[in-house]
Asks: 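Before anything else, here's the structure in question.
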Amino acid sequence: MKITTWNVNSLTARLQHVLDWTAANPVDVLCLQELKLTDDKFPLDAIRAAGYEHCAVFGQKTYNGVAVMSRMPVRDVVKNIVGFEDDSSRVLSVTLDTPQGEIRLVNGYFVNGQSPGTDKFAYKMNWLRGLQSYLQAELARHPNLVLLGDFNITPEDRDSYDPEGLRETIHHTTEERDHFRQLLALGLADAFRLFEQPEKSFSWWDYRMLGYQKNRGLRIDHILVSEPLKPLVKSCSIDRVPRKWKQPSDHAPVTVEI
DNA sequence: ATGACGATCTAGGATCGA
């Protein structure tokens with residue numbers, strides 16, 4: 001079974017890319033971030049016609065918004081972090097009944113944080129604290145859990161094109177990386193790092209200054225799997241192909257096979 | 001230091017992303 005995360009930077013602008021990509025890569029579940037549309041604008045018919053009969057949507061006008069598109073039924077849908085008040089639509093949790101058993105999927109569009117010292121950075125830290133306690137509770141109830149999405153954190157220096165020049169800037173701060181490590185400490189593993197990977201593997205490239213062409217990117221889109229799932233993971237990879245398409249999202253899809 | 005690119009809202013320029 002394949003599960004993918006993809007920040008599409010507006011589903012309105014990227015619907016055709018989603019349809020083209022899933023036609024070529026018929027994954028079982030596609031988790032989207034940054035829909036930038038309200039629930040009523042979600043292109044349900046087109047996505048169902050593409051084979052994703054079961055959708056959970058948590059949209060928002062202009063910013064944020066997350067969705068889970070699935071070929072198999074989804075149940076027990078929960079929006080945002082239980083116990084953490086948030087005006088933004090950032091998290092969507094669903095349960096899948098798979099051949100490997102029940103899997104709890106937590107799809108997140110993590111806070112960007114702008115830069116250290118700002119109110120937005122403080123919001124990011126509070127949000128991450130809320131997420132951590134939420135996940136602790138979710139893991140207690142669901143041993144088979146996958147946390148995936150746009151984390152807006154480079155876990156390590158090797159996940160950035162310029163770790164020295166960008167040291168302690170946004171997505172690279174010790175505080176953010178501590179939070180990432182705390183998520184791992186809950187009993188989650190970075191599926192991408194369970195395998196040999198090419199050097200300078202990134203999932204996001206700036207639109208400006210020929211970022212993609214120069215491979216000036218960051219690996220900030222992640223798939224974390226819980227301990228019982230870890231031995232079942234067969235592969236995890238980033239697909240750079242759609243980043244080369246015309247008018248692409250700045251993020252590439254990341255897929256795990258379980 | 002700023003802006004570079006793209007999306008959105010809304011009809012031009014501001015705001016945000018990462």
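Below, all heavy atoms of this structure are taken into account, side chains as well, without hydrogens, waters or symmetry copies.
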Asks: Could you grab the distance from atom CE of A:Met125 to atom CD of A:Glu176, nearest 0.5 Å is fine?
Replies: 5.0 Å
Asks: With DNA chain B as reference, determine whether A:Asn9 or A:His171 sits nearer its 5' end, using the nearest nucleotide of each.
Replies: A:Asn9
Asks: Taking N or O atoms only and anything under 3.5 Å, show me the protein contacts with nucleotides 13-15 of chain B, one pair per line.
Replies:
none

Asks: Under the ring-ring contact (aromatic ring centres under 6.0 Å, His included) definition, can you give me all pairs with a residue in residues 4-34 of chain A, not counting sequence neighbours?
Replies: A:Trp6-A:Trp21, A:His17-A:Trp245
Asks: Using the P atom in both, what is the distance from B:dA4 to B:dG13, to the nearest Å?
Replies: 14 Å
Asks: Round to the nearest Å and state the distance from A:Trp204 atom CH2 to B:dC5 atom P.
Replies: 14 Å
Asks: May I ask you to test the A:Cys55-A:Ile47 pair for a side-chain heavy-atom distance under 4.5 Å?
Replies: yes
Asks: Within a strict 4.5 Å, meaning less than it, do heavy atoms of the A:Phe121 and A:Val111 side chains meet?
Replies: no
Asks: Is any side-chain heavy atom of A:Gln33 closer than 4.5 Å to one of A:Asn107?
Replies: yes
Asks: For the residue pair A:Phe84 and A:Tyr123, does the interplanar ring angle fall in the parallel (under 30°), tilted (30 to 60°) or perpendicular (over 60°) class?
Replies: parallel
Asks: Taking atom P in both B:dG12 and B:dA1, what distance in whole Å separates the two?
Replies: 34 Å
Asks: Just to confirm, is there a sub-4.0 Å distance from OP1 or OP2 of B:dC9 to any side-chain nitrogen or oxygen of A:Lys61?
Replies: yes
Asks: Write down the distance separating the P atoms in B:dG6 and B:dT10, rounded off to the nearest Å.
Replies: 23 Å
Asks: Using heavy atoms to find the nearest nucleotide of DNA chain B for A:His251 and A:Thr12 separately, return the residue whose nucleotide is more 5′.
Replies: A:Thr12
Asks: Have a look at A:Arg216 and say if it touches a base, only the backbone sugar-phosphate, or nothing, with a 4.0 Å heavy-atom cut-off.
Replies: nothing
Asks: Can you tell me whether the side chain of A:Asn112 and the base of B:dA18 have a donor-acceptor pair closer than 3.5 Å?
Replies: yes
